[in-house]
Amino acid sequence: MTIQKTAGIHHITAFARNPQENVDFYAGVLGLRLVKKTINFDAPEVYHLYFGDKAGSPGTIITFFPHPDSRKGRIGGGQVGVTTYAVPAGALAFWEERLAGFGIPLRQASRFGERYLQFDDNEGLRLELVEREAGANSEWEFGGIPADKAIKGFGGAILFSANAKRTAAVLEQVLGMTRVGEEDGYTRFRASGEIGNIVDVPTADMPWGAPGAGTIHHIAWRAADFEQHVQWQREVSEAGFQPTEVIDRQYFNAIYFRESGGILFEIATDPPGFANDEPAESLGGKLMLPSWYEPHRAQIEANLLPIEVRELIPQALRADPDSV
Ligand code: ZN
């Protein structure tokens, strides 16, 4: 059996609480594009917000279910522990200044000879930035972040496995990643894509986390097309896991399975993408509903807190500290 090889991360999905704060952080502070404003298809009173590059390319997309009543989660084993974003070479100094300007505490880290700038989002979700040569520069300029400084997409992720050895086996044998090596208490894996392709797993098994706001629900890996996707579903099953049926998520097809270290894995198709139901120029502008919810649009919209994408100015650059 030939092992299929993923190009890397397709998207990462997390829980949040306040939707406007979520938009302010990922669009306003990080400068990502809100590429889709929709609802949780299983719970229409909750938004499903997608942030990515200009087109919402696979490997750039982080998605949230912001629910004001969510309880706080605890980051730990069985979750993606840290989400890594890649920025162009030489851009970290810009981000250090920008994030500090927003009053965000920063931490320095290094792994495999790379320097990481680590911080938390407004809910405590752990993020980091790393400079990478690979991957095209962003074509989305927002909030005073020039293209040669803007986030390109995911650099990768740190998986907090409750069973590191078995998670490693899934990455290599089911997802077709290459083991790069072991250093500083991490094992590094590489997928074939240019972004979202570097995955680190702490060599020590991690104590279990608890789901909730400020934690990641699942990580999705890329399948190039629908045919490969169906093939993967068979292979996941043959490897001893229980994948779901193929689910149509409107912007990609999905299967889900829980890997042996406790992390919920999804495999998602690159097609059809986010211009499937609205023009590429106006992605994220309108609340998009699947057809079966369309007759209930007025009621669904009335139940959602209004949100807007707005430019935010770092405190340090503000002329008047009281203005927003
Ligand atoms: Zn997903």
Side-chain angles (χ1 to χ4, degrees), residues 6-16 19 22 26 32-44 46-53 55-67 70 73 78-85 121 123 125 127 153-154 156-157 159-160 170-171 174-175 191 193 195-197 199 209 211-226 228-230 232-233 236 241-259 261-274 276-277 283-284 288 290:
T6 185
I9 300 168
H10 183 283
H11 66 269
I12 287 175
T13 293
F15 297 114
N22 184 240
Y26 286 88
L32 300 174
R33 185 180 191 186
L34 176 65
V35 290
K36 193 63 63 181
K37 181 164 66 173
T38 184
I39 52 169
N40 182 339
F41 292 177
D42 304 317
V46 179
Y47 277 117
H48 194 183
L49 304 178
Y50 293 70
F51 303 89
D53 71 356
S57 310
T60 73
I61 311 150
I62 192 162
T63 96
F64 292 91
F65 296 113
H67 195 293
S70 294
Q79 298 172 1
V80 175
V82 182
T83 299
T84 311
Y85 277 114
D121 82 357
E123 298 282 4
L125 198 79
L127 303 171
F154 295 124
L159 306 186
F160 280 6
V170 175
L171 295 178
V174 179
L175 295 173
I195 53 169
N197 60 329
V199 174
T215 70
I216 287 167
H217 180 253
H218 68 265
I219 183 167
W221 307 99
R222 294 173 64 179
D225 56 41
F226 299 115
Q228 203 182 87
H229 194 241
V230 171
W232 233 317
Q233 189 200 30
V236 167
F241 298 96
Q242 279 122 35
T244 61
E245 290 305 299
V246 173
I247 301 170
D248 178 356
R249 291 297 188 201
Q250 192 88 356
Y251 314 110
F252 46 84
N253 278 2
I255 61 167
Y256 303 83
F257 66 101
R258 197 166 291 281
E259 58 85 36
I263 305 166
L264 185 58
F265 276 7
E266 174 184 345
I267 297 176
T269 55
D270 283 2
F274 291 93
N276 192 32
D277 60 354
L283 288 179
M288 301 309 300

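In each ligand, atom 1 is the first atom listed, and ligand 1 is the first ligand listed.
Under the rule for a salt bridge (Lys or Arg N to Asp or Glu O under 4.0 Å), the partners of Asp270 that lie at least two apart in sequence or sit in another chain are Arg222. Residues satisfying the ring pair (Phe, Tyr, Trp, His ring centres under 6.0 Å) criterion with His48, sequence neighbours excluded, are Tyr50, Phe65. Taking Arg33 as the reference, nothing meets the salt bridge (Lys or Arg N to Asp or Glu O under 4.0 Å) condition, with sequence neighbours excluded.
Although no hydrogens or angles enter the test, the distance criterion places no donor-acceptor pair under 3.5 Å between the side chain of Asn40 and the main chain of Val46.
Protein N/O/S atoms closer to the Zn ion (ligand 1) than 2.8 Å number 3 in this structure.
Counting only N and O atoms by type, the side chains of Glu266 and His10 include no donor and acceptor under 3.5 Å apart.
At least one side-chain heavy atom of Asp277 sits under 4.5 Å from a side-chain heavy atom of Lys36.
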